[in-house]
> 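This structure is in structure tokens; I'll ask about it shortly.
Counting starts at 1 for both ligands and their atoms, following the listed order. As the structure is a computational prediction, the values presented were derived from the model and not from experiment.
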Amino acid sequence: MRRKLAAGNWKMNGSRASLTEVDRIVAAAVGLGIDVLLCPPATHLVWVRERIGREGIRTGGQDCHPEHHGAHTGDISAAHLADVGATHVILGHSERRLDHGETDALVAAKVRAAWAADLTAVICVGETLAERRAGDTLEVIARQVEGSVPAGAAGHNTVIAYEPVWAIGTGLTPSEAEIAEVHAALRAQLHRRFPAEAEAIRLLYGGSVKPGNAAAIFAVPQVDGALVGGASLRADDFVPILAALDAAP
Ligand code: 13P
């Protein structure tokens with residue numbers, strides 16, 4: 001059985017004041033039968049880790065460099081993330097693919113670096129609105145998974161997040177049938193490429209997950225949790241999402 005996972009991606013948001021939100025999220029998450037992951041800006045990882053203390057909530061970075069160390073001013077390696085207690089790293093987010101021109105090959109190299117540092121990679125894929133309207137969604141996602149998920153993917157080192165670009169930060173979401181179609185295709189592709197591990201790799205949905213739509217999204221087959229942006233910054237929004245995931249079938 002795949003354990004459900006709720007991941008919060010703060011993106012370039014949050015501040016020291018957000019640590020009080022972390023306290024409330026931790027208090028609510030303890031005792032739930034799900035995994036919870038918080039991915040604040042790298043500058044705040046240590047503080048968030050300290051606030052979580054010994055509780056079983058995980059922390060993650062939002063990107064890493066494909067190399068472990070060296071002359072790469074401004075970059076952060078997977079080893080640095082691991083050094084401050086992170087266990088996960090989000091890779092290939094559409095904002096990085098768009099803002100920084102990240103290709104599938106670069107994302108795959110970052111995933112291998114994450115694995116080498118014993119981090120679990122949360123690999124993001126998703127179509128643009130133009131690609132969906134053109135009927136290319138499944139083809140685009142299959143190509144991204146093929147290129148971004150390297151050989152060696154397994155339940156313990158890989159999570160895949162389906163994040164339609166047009167649903168991120170817009171309040172729009174695909175229909176439950178559309179999410180189900182993509183997640184079924186992802187699972188089938190994992191079975192073809194990684195037959196022994198396919199059932200263990202968790203598939204998250206991301207894009208405008210809110211307290212009001214979480215339960216419906218979590219009821220979709222093959223949705224093992226969510227990658228939450230805006231609604232992960234405030235306990236008032238994130239805690240009900242955690243509760244919905246805990247209650248999901
Ligand atoms: P929102 O939840 O703000 O739409 O962001 C989703 C996302 O990109 C998470 O990685």
Side-chain angles (χ1 to χ4, degrees), residues 4-15 18 21 25 34-42 44-45 48 58-64 81 86-100 102 107 110-111 114 119-129 131-132 137 140-141 144-145 148-149 158-176 178-179 182-183 186 202-218 220 223-245:
K4 295 186 185 297
L5 169 64
N9 174 11
W10 289 13
K11 310 190 180 186
M12 202 169 71
N13 296 305
S15 66
S18 312
E21 303 294 319
I25 290 165
I34 60 172
D35 290 339
V36 177
L37 168 67
L38 295 178
C39 300
H44 288 53
L45 266 171
V48 169
R58 306 303 189 95
T59 50
Q62 300 175 9
D63 178 48
C64 70
L81 297 173
T87 52
H88 292 64
V89 58
I90 298 168
L91 293 171
H93 193 283
S94 63
E95 288 151 12
R96 294 212 58 91
R97 291 176 187 263
L98 290 171
D99 292 357
H100 300 274
E102 293 197 3
V107 174
K110 292 180 174 198
V111 172
L119 298 182
T120 296
V122 180
I123 305 169
C124 304
V125 296
E127 83 285 3
T128 64
L129 191 55
E131 289 164 341
R132 176 160 283 277
T137 298
V140 165
I141 287 162
Q144 289 176 335
V145 169
S148 311
V149 184
T158 300
V159 173
I160 296 177
Y162 167 50
E163 297 208 307
V165 177
W166 53 274
I168 294 174
T170 58
L172 302 172
T173 55
S175 69
E176 287 142 43
E178 287 167 334
I179 297 172
V182 172
H183 279 236
L186 282 170
R202 291 181 284 190
L203 300 179
L204 307 184
Y205 168 79
S208 296
V209 176
K210 306 288 177 203
N213 61 19
I217 290 170
F218 295 149
V220 174
V223 172
D224 301 313
L227 181 54
V228 183
S232 71
L233 284 156
R234 292 178 58 245
D236 281 348
D237 294 324
F238 200 42
V239 168
I241 293 172
L242 302 182
L245 185 60

> Could an N or O of ligand 1 be found under 3.5 Å from any N or O of T170, whether backbone or side chain?
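Such a contact does not occur with ligand 1.
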> Going by distance only, is there an N or O of G229 that falls short of 3.5 Å from an N or O of ligand 1?
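So ligand 1 has an N or O lying under 3.5 Å from an N or O of G229.
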> Show the nearest heavy-atom pair for residues L81 and C64, with the distance to one decimal.
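Looking at all heavy atoms of both residues, the shortest contact is CD1-CB, 4.1 Å.
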> What atoms of ligand 1 come closer than 4.0 angstrom to any heavy atom of S208?
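By the 4.0 Å cutoff, the relevant atoms are 1 (P), 2 (O), 4 (O).
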> Give yes if a backbone or side-chain nitrogen or oxygen of E95 is under 3.5 Å from a nitrogen or oxygen of ligand 1, and no if not.
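No, there is no polar N/O contact under 3.5 Å.
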> Do any nitrogen or oxygen atoms of G169 lie less than 3.5 angstrom from nitrogen or oxygen atoms of ligand 1?
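Yes, G169 has an N/O under 3.5 Å of an N/O on ligand 1.
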> Using a 4.0 Å heavy-atom cut-off, say whether L227 meets ligand 1 through its side chain, its backbone, both or neither.
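Both of them.
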> Considering only protein heavy atoms, which is closest to atom 5 (O) of ligand 1, and at what distance to one decimal place?
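Scanning the protein heavy atoms, the shortest distance from atom 5 (O) of ligand 1 goes to K11 NZ, 3.2 Å.
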> Can you find an N or O of E163 that's nearer than 3.5 Å to an N or O of ligand 1?
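Yes; at least one N/O pair falls below 3.5 Å.
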> What protein heavy atom is closest to atom 3 (O) of ligand 1, reported as residue, atom name and distance in Å?
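Here the closest protein heavy atom is G230 N, 2.8 Å.
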> At less than 4.0 angstrom from any non-hydrogen atom of N9, what atoms of ligand 1 do you find?
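So the answer, numbered in order with elements, is 9 (C), 10 (O).
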> Aromatic rings Y205 and H183: how do their planes relate, parallel, tilted or perpendicular, breaks at 30° and 60°?
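Because their plane-to-plane angle lies in the 30° to 60° range, the rings of Y205 and H183 count as tilted.
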> In a check of side-chain contact (heavy atoms from CB on, under 4.5 Å) between V209 and each of I241, T173, L245, which one passes?
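For V209, the side-chain contact (heavy atoms from CB on, under 4.5 Å) test succeeds with only one of I241, T173, L245, which is I241.
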